[in-house]
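Here the structure is laid out as structure tokens; the discussion comes afterwards.
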Protein chains: 2
Amino acid sequence: MSEAKPIKVVLIDNHPLVLDGLRAVLETFPHIEVVGTAGLALTGLEVAVKTNPAVVLIDINMPKLSGIDAIELFKVKLPHCRIVMLSMHDSREYISASVLHGASGYILKDVSTDEIVTAIETVAAGRTYFSSGVSDVLLERRPSEPANPLTTREHDVLMLLASGKSNRDIAQSLSLSEATVETHRKNIKKKLGISTTAGLIRYAIDNGFSLSDG
Amino acid sequence: MSEAKPIKVVLIDNHPLVLDGLRAVLETFPHIEVVGTAGLALTGLEVAVKTNPAVVLIDINMPKLSGIDAIELFKVKLPHCRIVMLSMHDSREYISASVLHGASGYILKDVSTDEIVTAIETVAAGRTYFSSGVSDVLLERRPSEPANPLTTREHDVLMLLASGKSNRDIAQSLSLSEATVETHRKNIKKKLGISTTAGLIRYAIDNGFSLSDG
DNA sequence: AACCGCCTACCCAGTAGTGGGTAGGCGCAG
DNA sequence: CTGCGCCTACCCACTACTGGGTAGGCGGTT
């Protein structure tokens, strides 16, 4: 890659450890320049507007504003900036969602740091990069793992469910009938192919619906 | 700190990102030398036996063998090696357990990398290091958060519960009556002050009872 | 206009979990 | 040997959740 013009990168992750670590690793590559880091999506957006990076690496699972929701904001403010999603958890459900929202890359947690460098190079060159497990999901689209996982409302219900609330609590929180919450819950289960409440909560936490992770 | 003799450190974490990142950060400090890394507790033990580090940084929540269980093994094989627990999740429940098992330090996830360096320096100097939130737990020991949370059997039940099993499933798995499982579940709830199943599962996953994180 | 997906809401019968007891057996500490 | 904590197991009434329906309203697409 061209050594005259380093690739400007902004990193966004709510784990300071990952942030500092990633920066340290990337700074050993002369053709990559970390121009900014942030612990929140909105802070990251501010940083990116100031520094105009070629690539933004953003964690998909963050408090307040999730990485997926942030994609659109980045696309509006920085149309030429390319976004790579970083998933520390197993959020395979959201790969297609990320792509649809305009992400140029998606890297799963079980990736080496070398692969991250490759990903940055690739998307900076105008192509897309998806780590091994991800491309499978995009190509296969098996009926057991539907591409459009949950609706907004179902997402809300699952989030509250995962935070330890009962159907009744959720109904109150969202100003709904308890019956409606039950319907949502039923549909979620059907969509995800999960039968027990416990499994549902596991799924929610594994996929970053959690509120307590910040 | 003495620059002639760098502090030898082994890092153990099942996230390659954290591992590589931490290594990269620590290698910028001349008085710290990362002599090995591992993604599993047992692999880490092998590495440590070969390299004889002064300090081992180990993630508390890992598949197969948890960080806490690993402490004892390290203490046997490497009595002079000092162990710092690294908790990416909020495992405050296990702080006292770690200390009792012989850990010299405990760092919560919301820590900066600078603080990790300080922790390594401190425990290498023969003292103990606990990040801010941790020392509170050790000193306070509030009645609402008892030091001995769960019995062995309750632990078993909670683990299966968190993996998505119903009372009936658990009863079969442990060769118990369903009624007994319900009794255990009741006692767990009472002890932890959690009323809903959802909350129980959250607790289990947050505190590293999870089986699926590998 | 017709259709579709989503959100809302209810019915029903059945099953699962809750929260309050009690209680015997077992092993260990005083 | 007495007491204590733990594991086991059950009773009961009550509440919550399940899994199968149906269905009206709303907004966007064709």
Side-chain angles (χ1 to χ4, degrees), chain A residues 68-69 72 93-94 96-97 100-101 141 143-205 209, chain B residues 93 96-97 100 143 146-205 209:
Chain A
I68 287 183
D69 294 336
E72 308 217 40
E93 279 295 330
Y94 285 90
S96 9
L100 285 175
H101 283 72
R141 192 167 297 201
S144 62
E145 280 185 84
N148 64 333
L150 299 180
T151 67
T152 316
R153 214 52 169 163
E154 287 163 355
H155 187 282
D156 294 344
V157 170
L158 184 51
M159 203 160 69
L160 289 166
L161 190 64
S163 71
K165 294 194 186 304
S166 65
N167 283 353
R168 182 173 294 170
D169 295 336
I170 297 169
Q172 284 182 344
S173 295
L174 300 178
S175 302
L176 291 178
S177 152
E178 209 175 317
T180 306
V181 177
E182 281 177 0
T183 304
H184 283 311
R185 193 197 269 231
K186 273 183 250 182
N187 291 333
I188 295 169
K189 284 184 173 177
K190 206 175 287 174
K191 280 187 183 177
L192 301 179
I194 294 169
S195 60
T196 66
T197 306
L200 217 47
I201 294 166
R202 279 210 69 80
Y203 174 90
I205 295 172
F209 286 71
Chain B
E93 277 296 328
S96 7
L100 285 175
N148 65 332
L150 300 180
T151 67
T152 317
R153 213 53 169 163
E154 286 162 357
H155 186 281
D156 293 344
V157 170
L158 183 50
M159 204 160 68
L160 289 167
L161 190 63
S163 71
K165 294 194 186 302
S166 66
N167 284 352
R168 182 173 295 169
D169 296 335
I170 297 169
Q172 283 182 345
S173 295
L174 300 178
S175 302
L176 291 177
S177 150
E178 209 175 318
T180 306
V181 177
E182 281 178 1
T183 304
H184 283 311
R185 193 197 269 230
K186 273 183 248 182
N187 291 333
I188 294 169
K189 284 183 173 177
K190 207 175 285 175
K191 280 188 184 176
L192 300 178
I194 294 170
S195 60
T196 66
T197 305
L200 218 45
I201 295 166
R202 274 211 70 80
Y203 174 90
I205 294 171
F209 287 70

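As the structure is a prediction and not an experimental result, all values here were calculated from the model. Just so we're on the same page: letters track the sequence lines, and every chain starts at 1.
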[N], OP1 or OP2 - any side-chain N/O from [X] closer than 4.0 Å?
{"X": "A:Thr180", "N": "C:dA9", "result": "yes"}
{"X": "B:Ser177", "N": "D:dC10", "result": "yes"}
{"X": "A:Asn167", "N": "D:dC17", "result": "yes"}
{"X": "A:Thr151", "N": "C:dC7", "result": "yes"}

To the nearest 0.5 angstrom, please state how far the NE2 atom of A:His155 sits from the CG atom of A:Leu160.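 CG of A:Leu160 is found 10.5 Å from NE2 of A:His155.
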Please report, rounded to the nearest Å, how far the [atom2] atom of [N] is from the [atom1] atom of [X].
{"X": "A:Leu160", "N": "D:dC17", "atom1": "CG", "atom2": "P", "value": "13 Å"}
{"X": "B:Arg168", "N": "D:dT18", "atom1": "CZ", "atom2": "P", "value": "14 Å"}
{"X": "B:Glu182", "N": "C:dT22", "atom1": "CD", "atom2": "C1'", "value": "15 Å"}
{"X": "B:Asn187", "N": "C:dG21", "atom1": "CG", "atom2": "P", "value": "12 Å"}
{"X": "A:Lys165", "N": "D:dC17", "atom1": "NZ", "atom2": "P", "value": "13 Å"}
{"X": "A:Glu154", "N": "C:dG5", "atom1": "CD", "atom2": "C1'", "value": "11 Å"}

Is the shortest side-chain heavy-atom distance between A:Ile170 and A:Leu161 below 4.5 Å?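 Counting from C-beta outward, A:Ile170 and A:Leu161 do come under 4.5 Å.
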Using side-chain heavy atoms (C-beta onward) and a distance below 4.5 Å, is B:Arg153 in contact with B:Leu176?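 Answer yes - side chains close enough.
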[N] base to [X] side chain: any donor-acceptor pair below 3.5 Å?
{"X": "A:Lys186", "N": "D:dG20", "result": "yes"}
{"X": "A:Lys190", "N": "D:dG19", "result": "no"}
{"X": "A:Thr183", "N": "C:dC10", "result": "yes"}

Apply the salt bridge (charged side-chain N to carboxylate O under 4.0 Å, His left out) test between B:Glu154 and each candidate in B:Lys186, B:Lys191, B:Arg185; give the one that qualifies.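 Exactly one candidate clears the test, B:Lys191.
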Please assess B:Leu174 against B:Val181 for the test side chain to side chain contact (heavy atoms under 4.5 Å, CB included), listing each intermediate value before the final yes or no. CA-CA 9 Å; B:Leu174 300 178; B:Val181 177; 5.6 Å; no
5'-most contact on DNA chain D: A:Ile194 or B:His184, nearest heavy atom basis?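 Nearer the 5' end of the strand: B:His184.
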When you match B:Leu174 and A:Arg185 each to their closest nucleotide on DNA chain D, which lands nearer the 5' end?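 Residue closer to the 5' terminus by nearest nucleotide: B:Leu174.
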Could you check which of C:dA9, D:dC17, D:dG19 has an atom nearest any side-chain atom of A:Ser166?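 Among C:dA9, D:dC17, D:dG19, the one nearest the side chain of A:Ser166 is D:dC17.
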